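Ligands are counted one by one from 1 in listed order, and the atoms in each one are counted from 1 as well. Note that this is a predicted model, so its numbers are computed, not measured. Note that these values count all heavy atoms, side chains included, but never hydrogens, waters or copies made by symmetry.
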Amino acid sequence: MSEERSLNFLEEIIEDDIRNGKNGGRVLTRFPPEPNGYLHIGHAKSICLNFGIAAKYNGKTNLRFDDTNPTTEDVEYVDSIKKDIQWLGFKWDKELYSSDYFDKLYDFALELIKQGLAYVEDGSAEEIASAKGTPTEPGKPTPSRSRSIEENLQLFREMKEGKYPDGAMVLRAKIDLASPNMHLRDPLMYRIKHAHHHRTGDQWCIYPMYDFAHGQSDSLEEITHSICTLEFVPHRPLYEWFIQKLNNFPSKQYEFARLNMNYTVMSKRKLLQLVNENHVSGWDDPRMPTISGLRRRGYTPLSIRNFSERIGVARRENLIDLSLLEFCIREDLNKSAWRRMAVLEPLKLVISNYPEGQTEVMEGENNPEMEGGDGLRHIPFSSELWIERDDFMEEPSKKYFRLGPGLMVRLKHAYIVRCDSFVKDESGNVSEVHCTYIPESRSGTDTSGIHVKGTIHWVCAKSAQTAEIRLYDRLFRVEDPSNEDGDFKDYINPDSLTVISNAFVEPDLMNAEAGRGYQFIRKGYFSLDSDSRPGKPVFNRTVTLKDTWAKESQKS
Ligand code: ATP
Ligand code: MG
């Protein structure tokens, strides 16, 4: 994190509060996911913000599952959310559930009824909606609004006891039907839902609404700064109304712009559709913007934290370019990934003056960006190699510095070779390239005095191992699929996944470790996929390299 950057608006607010001795200088934030899906990169921003800001001011962060909607929630999601937060590198203070407050929330509701500030509504959803008016027209009271306190208490208790079917009644706050803020026109506090809850089981058949439950949960935990996204700005007066009327701890709500990113979708509802309709292989499909997808793709926690820091905290919505996220992972992997060689589209190269049957062992640093190279690995070399098909051209153009008749290149970590001839198969495709090598040109002890412009990667044919390689492209072919005509799924990129089932990799990659980044020289950054089986590795391309070809060719 850059120490020099100026404070963001939330940090300014917090520093002000600390200076003024508010809450005794205490900072307590919370991250409140609803366990109805896996976390995505937008949540990562909220996590980095909530945990980051608390840590900066010696505060703490609670993890609170906002589990007030029994029909969409599941323990699978709870577990994945915890795993993702920990993986990102954060530690919550308390693990809490809104459902743990159901008793207290119910008592708060009774209290509001007793104050004449809440009533049981038995009109239909349509009746409620039509009596609510429009932003330019005040609402009208429904007959339920004038119910007596006693009757409200009785009906609400009966709602809780399960006397009424779903949708028969709701509890509403009695605020102001003429308010220009529609959220204050007697908003719903409770609804009836005879549904099994993943924690409370069948104990409840009434469930509190977000606006009521969220703020009072904040209050009960004495959250000092309740940070949420901009769509909650119009809810803030309601947030404050409940707290004030109940005389609860004065948590304060602050809003920032949610993260939107191009070429993807970011709502759990839409991500769930992609999973359920098999457009992707699961929540952790490497093309998904979920944290689990990014992890499987090879993203590191540091790259995501850096991304979140870089996009900053704004109070205006914008669309962040996917390439910024890619920049952040490249930046990290360039420093941490181990270099390896893999040939994705193989073409045979035969060295005619290299003794057949002889094998030599070349050495390559695991990571030249690290002091000491982070160790060496051994790379077998012999007279037959695999090279990349597009590293050979039958009729090379002037600026082509790789192989073609008469041209010389360096084989990375090995020798300089000159192309003498090539062979074609019956269909006219080049099937073999024949070269001679310069014995004095071995990397590290090169006395040949020959300077070549190009360096290419290779894999020794005798010891090459087969691997499956999965290349990814954007999941959508338009920048903002949610804002196009028709269904967002119509804009899925049909070429977002390319599978190469028979790539050749250097033998050391049979020991590849999950969670480690590998740079396949000239091909990008890769990581081992969980579909790998013993002897059958599968690699995901995390991200392509920047155009490092010019730089790479200077080195040997
Ligand atoms: P979605 O709309 O994707 O389903 P949500 O807001 O319903 O997300 P929650 O589980 O309620 O998901 O979100 C938990 C927290 O993460 C909330 O505080 C929410 O504001 C924040 N959050 C969700 N999406 C984003 C985003 N795109 N950018 C920043 N914060 C987000
Ligand atoms: Mg939500």
Handout entry: Heavy atom of F232, distance to ligand 1 below 4.0 Å
Key =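 Checking ligand 1 against F232, which is what was asked, there is no heavy-atom contact under 4.0 Å.
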Practice task
Would you indicate whether the side-chain heavy atoms of Y164 and I206 approach each other to under 4.5 Å?
Solution key: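 No, their side chains stay 4.5 Å or more apart.
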Completion exercise
Between N181 and P234, the two heavy atoms sitting closest are ND2-O, 2.9 Å
Would you say [X] and ligand 1 have an N/O pair spaced under 3.5 Å apart?
X	value
G42	yes
T229	yes
E34	yes
H43	yes
K45	no
M266	yes

Exercise for the section: Check each of E326, K523, R330 against T544 using the side chain to side chain donor-acceptor pair (under 3.5 Å) test, and report the only one that passes. Expected result: R330
Practice task
Answer with yes or no after comparing the ring centroid distance for F242 and F212 against a 6.0 Å cut-off, counting only values under it.
Solution key: yes
With heavy atoms of [X] as the reference, note each atom of ligand 1 found under 4.0 Å away.
X	answer
H40	3 (O), 24 (N), 27 (N)
P32	14 (C), 18 (O)
S46	16 (O), 21 (C), 30 (N)
P33	10 (O), 14 (C)
S267	3 (O)

Exercise for the section: Taking salt bridge (charged side-chain N to carboxylate O under 4.0 Å, His left out) as the test, write out the residues that go with K489, two or more places apart. Expected result: E277, D487
Handout entry: Any residue meeting side-chain hydrogen bond (donor to acceptor under 3.5 Å, both in side chains) with R19, in chain and number order, not counting sequence neighbours
Key =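 D16.
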Fill in the blank from the handout: If you compare R64, R269, R258 by their heavy atoms, the one closest to atom 2 (O) of ligand 1 turns out to be R258
Problem - Polar contact flag, side-chain donor to acceptor under 3.5 angstrom, T142-E127 - result: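 On atom types as modelled, these side chains do not qualify, holding no pair under 3.5 Å.
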Handout entry: Donor-acceptor side-chain pairing of H279 and R287 below 3.5 angstrom
Key = no
Practice task
May I ask you to decide whether E95 forms a salt bridge with K82, counting only side-chain N to carboxylate O separations under 4.0 Å?
Solution key: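 Result for this pair is yes, salt bridge flagged.
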